[in-house]
Amino acid sequence: MASNAPFDDEDQPLTPEQEKAVRRVWRLVTLSGVIIAAGFALVFVTILTRLSDDPEESFSLTFDGAADRITLSDGEDLVSAVAHGRTVTAIVQTADGRIIRVFDAQTLDIVREISVEAE
């Protein structure tokens with residue numbers, strides 16, 4: 001029967017170097033476990049925080065009466081409008097095609113105007 005020489009001394013006490021190596025491995029395993037647990041906790045807290053945040057609380061539109069309406073020129077029709085964050089995006093149909101206008105949500109000033117042309 002073959003002998004497994006390295007494994008024959010299971011009942012022998014560990015040498016000081018071996019004990020030191022075992023303690024070092026246990027410290028590294030414990031540290032790794034703590035880091036992984038902290039990472040999971042951080043992800044969990046971040047998800048809960050984002051789910052509990054009220055978008056209306058972080059930003060709300062208030063108008064002073066002067067900037068409460070988007071006015072279109074003659075011959076322009078509003079196709080779509082979407083408010084997102086601090087902007088209002090409107091798609092306007094004109095005689096020449098469609099235009100995408102991006103407005104500042106507070107002042108309703110035009111921030112950008114993009115012409116949509118067919119090729």
Side-chain angles (χ1 to χ4, degrees):
M1 191 159 164
S3 172
N4 292 332
F7 300 106
D8 285 344
D9 60 351
E10 289 182 14
D11 296 330
Q12 299 296 323
L14 297 175
T15 64
E17 293 83 20
Q18 291 171 330
E19 288 179 7
K20 186 177 178 181
V22 168
R23 282 194 304 269
R24 175 183 262 177
V25 168
W26 274 110
R27 278 194 304 257
L28 289 174
V29 168
T30 303
L31 179 64
S32 298
V34 168
I35 290 171
I36 289 171
F40 278 121
L42 182 63
V43 168
F44 185 69
V45 166
T46 302
I47 290 171
L48 287 179
T49 302
R50 290 191 180 187
L51 287 176
S52 66
D53 280 349
D54 184 13
E56 297 298 325
E57 181 181 310
S58 61
F59 177 72
S60 62
L61 292 175
T62 56
F63 298 106
D64 60 2
D68 60 353
R69 145 183 345 219
I70 296 173
T71 306
L72 301 175
S73 301
D74 288 336
E76 293 182 340
D77 292 317
L78 183 65
V79 176
S80 174
V82 176
H84 180 71
R86 298 187 181 273
T87 61
V88 176
T89 303
I91 300 175
V92 178
Q93 181 70 45
T94 65
D96 299 329
R98 289 191 176 181
I99 298 173
I100 299 172
R101 289 188 182 140
V102 181
F103 298 90
D104 179 272
Q106 291 286 283
T107 62
L108 292 181
D109 291 334
I110 296 176
V111 177
R112 186 165 187 195
E113 188 170 285
I114 304 165
S115 177
V116 180
E117 298 176 2
E119 288 188 305

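If you're wondering where the values come from, they're calculated on a predicted model, not measured in any experiment.
- Here the CD1-OG1 distance, from I35 to T30, works out to 11.0 Å after rounding to the nearest 0.5 Å.
- When all heavy atoms of D77 and L72 are compared, the pair lying nearest together is C-CD1, 4.1 Å.
- Under the side-chain contact (heavy atoms from CB on, under 4.5 Å) rule, T87 has a single partner from V111, V102, D104, which is V102.
- The shortest distance between side-chain heavy atoms of I100 and T89 falls below 4.5 Å.
- Looking at heavy atoms from C-beta onward, Q12 lies out of side-chain contact with Q18 at the 4.5 angstrom threshold.
- Criterion: ILVMFWY side-chain heavy atoms under 4.5 Å apart, direct or through other members. Under it, I114 and I91 are part of a common hydrophobic cluster.
- The two residues F103 and L108 have their closest heavy-atom pair at CD2-O, 3.4 Å.
- No side-chain heavy atom of V92 sits under 4.5 Å from any side-chain heavy atom of E113.
- Between atom CZ of residue R101 and atom OG of residue S115 there is a gap of 10.5 Å, rounded to the nearest 0.5 Å.
- The CG atom of L42 lies 10.0 Å from the CD1 atom of I47; values are rounded to the nearest 0.5 Å.
- Across all their heavy atoms, L14 and E19 have their closest contact at O-OE2, 3.5 Å.
- Using a 4.5 Å cut-off between side-chain heavy atoms of Ile, Leu, Val, Met, Phe, Trp and Tyr, with links allowed through other members, I36 and F44 fall into different hydrophobic clusters.
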